[in-house]
Number of protein chains: 2
Amino acid sequence: MSLTSDIIRGHTETIILAQLLHHDSYGYEINKSIRDRTNGDYEAKEGTLYTAFRRLEQAGYIRSYWGDESSGARRRYYGITDEGRAYYQENKEDWLKIKGIIDRLIEADTTEGGN
Amino acid sequence: MSLTSDIIRGHTETIILAQLLHHDSYGYEINKSIRDRTNGDYEAKEGTLYTAFRRLEQAGYIRSYWGDESSGARRRYYGITDEGRAYYQENKEDWLKIKGIIDRLIEADTTEGGN
DNA sequence: CAAAATACCTCGTCTGTCAAGGTATTTTCT
DNA sequence: AGAAAATACCTTGACAGACGAGGTATTTTG
């Protein structure tokens, strides 16, 4: 269990949605984007990524379509839906809340006080 | 999937260890402590808690012993080991790092810039 | 022409979470 | 005294997300 894995579990969907906020993109590029933004600290595994795409699409949070590349390998592009934006927003708020909870519980030493 | 569940997944062990940093404690009390420290926002489920205890003990991060209560129900106390403290410390550092990564990826909109 | 890179995808395994079920004792309420 | 709630422990099985391993096809590079 590296840095990532269980700890990032559950954030994959939100991370993907975040990459789609400003422009449509495709799997390979999204993955690279994630790697770049974290300076290589985190990289989504392909299996994880594609299962997440399926989930998000089934839930109606993203739409997909084939790009019409005249050269290069075919690409499946993904675009975020309105529902996806709402879902992203919720998740982001949850994250801010949970961050606080974990901080409290982990740093948590009561530093004297109570009882 | 409530606020907690997948998102907190992976932090359970660290949260438990944190509760044991300053004094030994037992399952029920640890659970209450978690609930109290988060004002009820988070509560570990019993199943999750006890499986985590088993894992932590097998890994040598905590030790357990039966309390000699003369009244009240029997209690199994847990104490953190030196290895547990080290593990806690690592996890805490990982958390700080991951927090930054997720923040970057979720807030992530590059806010113009790159490329 | 072979190898590497781009680009897609699925399947099966693993692991942590948790609902549901269970035991035993003590306290509180009526 | 008896019932209900609280304290306190525990296990089992199902579920879901992550991911290693495997696979296809095209294009670029050497």
Side-chain angles (χ1 to χ4, degrees), chain A residues 1-17 19 24-36 42-59 61-62 64-78 91 98 102, chain B residues 1-17 19 24-36 42-59 61-62 64-78 91 98 101-102 105:
Chain A
M1 66 275 301
S2 51
L3 250 189
T4 53
S5 65
D6 257 335
I7 310 291
I8 264 172
R9 185 189 248 251
H11 295 292
T12 310
E13 297 185 356
T14 317
I15 290 170
I16 291 171
L17 291 176
Q19 313 312 309
D24 293 5
S25 187
Y26 57 96
Y28 218 75
E29 193 184 53
I30 291 170
N31 208 200
K32 247 203 218 139
S33 166
I34 291 172
R35 209 185 310 126
D36 290 351
Y42 177 57
E43 168 174 36
K45 303 310 176 314
E46 288 204 340
T48 305
L49 210 60
Y50 285 104
T51 50
F53 286 147
R54 302 293 153 264
R55 246 182 292 138
L56 285 166
E57 187 159 25
Q58 278 205 317
Y61 297 141
I62 59 175
S64 76
Y65 54 93
W66 288 101
D68 59 341
E69 277 69 45
S70 43
S71 80
R74 77 201 204 283
R75 297 171 175 166
R76 186 197 283 278
Y77 281 86
Y78 298 98
N91 285 358
I98 285 158
I102 296 176
Chain B
M1 69 286 287
S2 51
L3 250 188
T4 52
S5 66
D6 255 339
I7 310 291
I8 265 173
R9 184 190 248 249
H11 295 293
T12 308
E13 297 185 355
T14 317
I15 289 170
I16 291 171
L17 292 176
Q19 314 310 310
D24 293 6
S25 187
Y26 58 97
Y28 218 76
E29 192 183 53
I30 290 170
N31 209 200
K32 246 203 219 139
S33 165
I34 291 172
R35 208 185 311 126
D36 290 351
Y42 178 58
E43 168 175 39
K45 303 309 176 312
E46 288 204 341
T48 306
L49 210 60
Y50 285 104
T51 50
F53 285 147
R54 301 293 154 267
R55 245 182 293 137
L56 285 167
E57 188 160 23
Q58 279 204 316
Y61 298 141
I62 59 175
S64 75
Y65 54 94
W66 286 102
D68 59 341
E69 278 68 46
S70 42
S71 80
R74 76 200 206 283
R75 297 169 176 167
R76 186 196 284 277
Y77 282 86
Y78 299 97
N91 285 357
I98 285 158
I101 291 175
I102 296 176
L105 287 172

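Residue numbers start from 1 in every chain, and the chains themselves are labelled A, B, ... in the order their sequence lines are given, proteins ahead of strands.
- Backbone-only contact: T12(B) has heavy atoms under 4.0 Å from sugar-phosphate atoms and none from a base.
- Using a 4.0 Å cut-off, no side-chain N or O of Y28(A) falls inside it from OP1 or OP2 of dC8(C).
- Regarding contacts with the backbone of dC8(C), a side-chain N or O of Y50(A) is found under 4.0 angstrom from either OP1 or OP2.
- A search for ring pair (Phe, Tyr, Trp, His ring centres under 6.0 Å) contacts involving Y77(B) returns Y26(B), Y65(B), not counting sequence neighbours.
- Closest-nucleotide positions on DNA chain C for A52(B) and R75(A) were compared, and the one nearer the 5' end corresponds to R75(A).
- Base contact: R9(A) has a heavy atom under 4.0 Å from a base atom.
- OP1 or OP2 of dC9(D) has not a single side-chain nitrogen or oxygen of Y26(B) nearer than 4.0 Å.
- Residues passing the side chain to side chain contact (heavy atoms under 4.5 Å, CB included) test with S64(B), sequence neighbours excluded: E57(B), R76(B), Y78(B).
- Looking only at side-chain heavy atoms (C-beta outward), R74(B) and W66(B) come within less than 4.5 Å of each other.
- Nucleic acid contact class of E46(B) (heavy atoms, under 4.0 Å, all strands): base.
- Close to dC10(D), at under 4.0 Å from its OP1 or OP2, lies a side-chain N or O of R76(B).
- In terms of phosphate contacts, R54(B) brings a side-chain nitrogen or oxygen within less than 4.0 Å of OP1 or OP2 of dT11(D).
- Of the possible donor and acceptor atoms, none in the side chain of N91(A) sits under 3.5 Å from a partner among the backbone N and O of H11(A).
- Residue T48(B) places at least one side-chain N or O closer than 4.0 Å to OP1 or OP2 of dC18(C).
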